[in-house]
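Because the structure is a prediction, the values reported are computed rather than measured.
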Amino acid sequence: MLRLASGTFSPSCRYCVEKLTSRHASQRLSQKPLLPTNSRTASSLLQSTHLNRHHTQLLCQYSTLARPNLRNFMTPTSRIVQSQQRNMSVLSKLRPLLKIRYWILGAGIGGGYSAKVTYESWKDKVPDMSWLGEYLPDADTVSKFIPNVDTDKYRKFLLKLKKSIPELPETPDIASLKGYLPDADKMKDWSPDVTMDDFSSVFNEDNSITTGVMTAMKVNAEGSEEESAKKMSDKERLQKIQEEFLQEQLKYQRQLERLEKENKELRKQIMLKGDKAVYKRRTKKSLIDMYSEVLDELSEYDSSYNTQDELPRVVVVGDQSAGKTSVLEMVAQARIFPRGAGEMMTRAPVKVTLSEGPHHIAMFKDSDREFDLTKESELEALRREVEIRMKASVRPGQTVSMETISMSVKGPGLQRMVLVDLPGIISTETQGMASATKESIKMMCEHYMSNPNAIILCIQDGSVDAERSNVTDLVSQMDPQGKRTIFVLTKVDLAEKNITNPHRIKQILEGKLFPMKALGYFAVVMGRGNKDDSIDTIRGYEEEFFRTSQLFRSGVLKASQMTTQNLSFAVSDCFWKMVKASVEQQADTYKAARFNLETEWKNNYPSLRQLDRDELFEKGKGEILDEVMNLSQVTPKQWEEALWAKLWEQAAEHVIENIYLPAAQTESAGHFNTTVDIKLKQWADQQLPKKSVQVGWETLQEELKCLMDRGRDAQNHDDIFDHLKEAVIKEATRKHRWQGEAANSLRVIQLNALEDRSIAEKSQWDSAIKFMESTLQDKLFETESKINQMSGPGWVGRWFKWQYQSQEQAKCAATKTELEKIVALDEKWPAYQAFETGSIRKHPPYLAMDETTTVRKNLEAQGVEVDNDFIKMTWHEVYRRHFLKQALVRANECRRGFYYYQRGITDTDLECHDIVLFWRIQKMLQCTSNALRQQIMNTEARRLEKEVKHMLENLGEDPQKKLGLLQGRRVTLAEELKKVRGIQEKLEEFIEALRKEK
């Protein structure tokens, strides 16, 4: 069909058509005709198909159009049928023939595409000559001034020029081309009508570069430089071109640095021009500072809840002494880290936030001090502070720490980013290191590099063999595709001196030597190795080295891969790209976490406010101080009653055992009073004042505890503060000390009260008797309980309660029975004998030897074996009970003795001197209670309140203690919810600022 359209028809195609038509000639009359028999219709069809004359003749020859008209020999009906059959026969025979058009069309299209691919491949192999367009005028300009130029000669000249010039850089020096440009005579041969002035007018029109070309052409026309250029070899010409290219590039680099320096100064002046307060407010909310605050929040949240955020930061990893810290210092433009001679200096992660500011300063996150990085003394103080913080973060028995040290560095021209300097990876644990130091450093590096958005700054020492590297394998495991790794080769100056194969460095910087992959490869210089060199000195040395480096001249190093400044730009650009790509995803993650936590709070604590540990502590602190303040609401009567009861509880044992009982065994009232006076004075001088102060302090504690318990029983009590209250009260009572002068004041008051023997009123006499009876009854009850415990259950208990006596109890019961016979004689002493003798029979408090023997013999007769000590021990309790009973009888009898006492009548059968003793003690207790009450209400309660408040303030500054005192899911949930809410809000604020900056 293509041939039909083009008007050509080959013999083979003609033969195919003839064969097809002849094969079915016999069937034409029976088939339906393909074309109409009407000549007019046929002619119109031929015209409609737009066939040319040749096609028309061909179709007429090999179709029914060339057949005679048989219409006169047929009936109309048969004629129509035959015509239709003939047309169908021709159509069916031509159908296979028409398939050939698809084969021809496919072959044509395939051949055209193949030719296009071949043309493109040839075109790619042709060298790029586009750079000549910068030095030569276009065709229109040339034709304008050179209308009769000989293009063949011009084309031959360009081909000759291309072959003669070796490979040139992208921007070659024009002067180096003057040996290859034509002279004036050759250019006149191209166009005799054009003069050199015409060429000059063209090439000098707003084109400084072509001016150089014309100058070279003129010089070449003169022939002065042509001879020297011919003498130069191709290698020398190439080296000269490369040197000129390097000089131009270094010149541009210096101009760029000068412009950047001027830009820094201008930005500094702009920052300092505004109000200082406004500037401070603006710098606190700068983009990088906001991002750093988010990272700090996330760091605290991760350490508390064992999670890890995925926000970008630049993680600096490398082998020990590879130059990690030095690279970071060059980026920060200050020597801010401690340095050592080959020993491990970085012992904890150091997060450094770089931002731009008018002054070059550094400060720690938890400190307000600003270190001026332009002063060497401030730099030394900063390095010392970093070293102190690192050592403080390391726990005993360890070498490194996971605790992050956060600091920020601001200065003119600093690239905004967040870097984390990690301890160097070691191969061997030396002496003095912990046993797991190597593994701890590896785990720390893996922890930071496992963040899918962290930028890994892999530092490799270029002065050592590549096979000794440990960090490259670790980095390749964490980032196999190298999508977030930047490789830095340090100490290139030492590598240039020591390396014998420069191609090895080229392989490293092209990513072909190490198994790891990276986004970019950089080469930097760390200075001459002098630790006292400044950043400016190191930078100057770096620029001088790369300016004269053979590695750069030989093409091993590329200009874009050199200097720390280019590295800083590349890292900052990569950092912000990663931040913009991942920060919104992180915000969505914490938004979902906040929703889950808020749902949990609503389900578990619907009626409580979301108070974190600090807020709960403040609330509990207020409740504790309120309860301490309630001590002032205790009435004086309540204080005195509590103090009196506590005092007598502590002093009763001493008064009965050491004063009253020994004095009661004397023979007369005079001896009794003398003994009492001596013992009371000794007690008041030595023990009583100190004991009274202790009683006052214990009473204050008990009252405070009662107030705490009363608040615990309240309806709105929150049990989350119980542990805190107990700890505070316990610590306060442990540390509180009563005023030292209180004991001396009490001693004077107590001695005066004990020396007063006069009872002025009957009510005081009765009160003393009541006090004595209650005291003796308590002692009698205690004594009887002890005797019953020693002798075991009695007859009623054994028969009705099924209680049994032990062997010791049976012995004690039998001994008690025998001893009670002795004391019973005092109770049966006849009254008339007492009146005749003038005294009451009293058995001494000890047994005589014959009495002890008699009791033992009687017990042996009963089959009970006891010794003398057992009998004496039992006698002590039996006699004590007997004495207390007699004392109660005398106290009852002395109720009517106040009349005799008031008038001084002593010749009666009443012995009431023990009533006076108990009156003196009772008065002393009242005076002491009153003095202690005044001291508590006026002094000690206020001192205790201040101590509790001070203690609460100390607890508020210690997070660990608060963590132990306020526990429970309610606290942890509120803490986590607050942190997640704060992180989400800071992230949203940062995202909004980031969008505005875009």
Side-chain angles (χ1 to χ4, degrees), residues 288 291-320 322-325 327-328 331-332 337 344-354 365 386 389-390 393-394 398-408 417-426 436-460 469-488 516-519 571-572 574-576 578-579 581-583 586 589 983:
I288 190 62
Y291 186 76
S292 180
E293 290 178 1
V294 173
L295 292 182
D296 291 336
E297 292 285 340
L298 288 174
S299 178
E300 296 176 1
Y301 179 74
D302 297 340
S303 61
S304 301
Y305 299 96
N306 297 324
T307 60
Q308 182 179 3
D309 68 276
E310 296 182 355
L311 283 179
R313 70 258 291 157
V314 181
V315 180
V316 186
V317 296
D319 297 333
Q320 183 179 351
K324 307 183 310 302
T325 304
V327 170
L328 203 154
V331 174
F337 292 104
M344 178 184 293
M345 298 304 298
T346 306
R347 298 179 178 271
V350 182
K351 182 176 76 69
V352 182
T353 302
L354 301 181
K365 170 191 171 185
V386 172
R389 288 175 178 259
M390 284 187 181
S393 65
V394 179
Q398 296 182 359
T399 307
V400 295
S401 171
M402 280 291 294
E403 183 178 347
T404 303
I405 300 173
S406 298
M407 63 185 302
S408 61
M417 67 183 95
V418 178
L419 303 101
V420 181
D421 186 23
L422 299 177
I425 300 174
I426 59 176
T437 301
K438 178 181 177 181
E439 190 65 22
S440 298
I441 296 176
K442 182 179 178 182
M443 292 177 61
M444 185 189 304
C445 295
E446 290 177 349
H447 170 75
Y448 278 90
M449 290 190 295
S450 61
N451 180 0
N453 296 321
I455 300 170
I456 304 173
L457 197 61
C458 179
I459 309 298
Q460 171 63 33
S469 175
N470 297 317
V471 67
T472 53
D473 293 337
L474 185 60
V475 172
S476 63
Q477 294 175 6
M478 305 306 297
D479 185 22
Q481 302 300 325
K483 295 182 179 180
R484 51 190 181 90
T485 301
I486 297 178
F487 182 86
V488 182
M516 59 167 289
K517 300 178 181 179
L519 289 172
V571 173
S572 178
C574 184
F575 169 77
W576 284 107
M578 193 74 76
V579 168
S582 60
V583 67
Q586 285 290 299
T589 300
I983 292 170

### Task
Any chance you could measure D421, atom CG, to T346, atom OG1, to the nearest 0.5 Å?
4.5 Å
#### Entry: Residue list, side-chain hydrogen bond (donor to acceptor under 3.5 Å, both in side chains) with N470, at least two apart or on another chain
S427
## Note on the structure
To the nearest 0.5 Å, atom CD1 of I455 lies from atom CE of M578 at 5.0 Å
### Message
For N453 and L311: C-alpha separation, side-chain torsions, deciding distance, then whether side-chain contact (heavy atoms from CB on, under 4.5 Å) applies.
### Response
CA-CA 6 Å; N453 296 321; L311 283 179; over 6 Å; no
### Summary
One should read off an interatomic distance between M444 CE and S401 OG, to the nearest 0.5 angstrom, of 6.5 Å
### Message
Can you confirm whether V316 sits close enough to Y448 that some side-chain heavy atom of one is under 4.5 Å from a side-chain heavy atom of the other?
### Response
no
### Task
Heavy atoms only: give me the nearest K324-V317 pair and the separation to one decimal.
CD-C, 3.5 Å
### Summary
Applying side-chain hydrogen bond (donor to acceptor under 3.5 Å, both in side chains) to S476 and not counting sequence neighbours gives none
### Summary
dist I983:CD1 -> L295:CG (nearest 0.5 Å) comes out at 10.0 Å
### Query
What residues, two or more places apart in sequence or in another chain, satisfy side-chain contact (heavy atoms from CB on, under 4.5 Å) together with L519?
C574
### Task
Please report the closest heavy-atom contact between K517 and T485, naming both atoms and the distance.
O-CB, 3.8 Å
#### Entry: Where L422 and P349 come nearest, the two heavy atoms and their spacing
CD2-CB, 3.9 Å
#### Entry: Residues which pass side-chain contact (heavy atoms from CB on, under 4.5 Å) with T399, listed by chain and number, not counting sequence neighbours
M344, R347, M433, A434, T437
### Query
From I456 CD1 over to K483 NZ, what is the distance, rounded to the nearest 0.5 angstrom?
13.5 Å
### By ring pair (Phe, Tyr, Trp, His ring centres under 6.0 Å) - contacts of F575 (at least two apart)
Y291
### Under the side-chain contact (heavy atoms from CB on, under 4.5 Å) test, residues paired with Q398 that sit two or more places apart
V394, R395
### M449 side chain reached by L474 side chain, heavy atoms, under 4.5 Å
yes
### Message
side-chain contact (heavy atoms from CB on, under 4.5 Å), that's the test. Do Q320 and I441 meet it? Break it down for me.
### Response
CA-CA 11 Å; Q320 183 179 351; I441 296 176; over 6 Å; no
### Contact check, side chains of V418 and I288, non-hydrogen atoms, under 4.5 Å
yes
### Message
Could you check whether any side-chain heavy atom of K365 comes within less than 4.5 Å of a side-chain heavy atom of S408, counting everything from C-beta outward?
### Response
no
### Task
Indicate the atoms forming the closest heavy-atom contact of V471 with D319, along with that distance.
N-OD1, 3.2 Å
### Query
Can you list the residues that meet the side-chain hydrogen bond (donor to acceptor under 3.5 Å, both in side chains) rule with S440, with sequence neighbours excluded?
none
### Task
Taking side-chain contact (heavy atoms from CB on, under 4.5 Å) as the test, write out the residues that go with T589, two or more places apart.
none
### Summary
Between V350 and M390, the two heavy atoms sitting closest are CG2-CE, 3.4 Å
### Message
Show the nearest heavy-atom pair for residues A454 and V315, with the distance to one decimal.
### Response
CB-CG2, 4.0 Å
### Query
Would the number of heavy atoms belonging to other residues, nucleotides or ligands and lying under 6.0 Å from CE of M443 be above 12?
no
### Message
Can you list everything that forms a side-chain hydrogen bond (donor to acceptor under 3.5 Å, both in side chains) with S393? Sequence neighbours excluded, please.
### Response
none
### Query
So, do M417 and V331 sit near enough that their side-chain heavy atoms are less than 4.5 Å apart?
yes
### Query
Can you name the residues that form a salt bridge (Lys or Arg N to Asp or Glu O under 4.0 Å) with R484, not counting sequence neighbours?
none
### Query
Do the non-hydrogen side-chain atoms of L354 and L419 ever get within less than 4.5 Å of each other?
yes
### Message
Among residues at least two apart in sequence or on other chains, which ones pass salt bridge (Lys or Arg N to Asp or Glu O under 4.0 Å) with K351?
### Response
D296
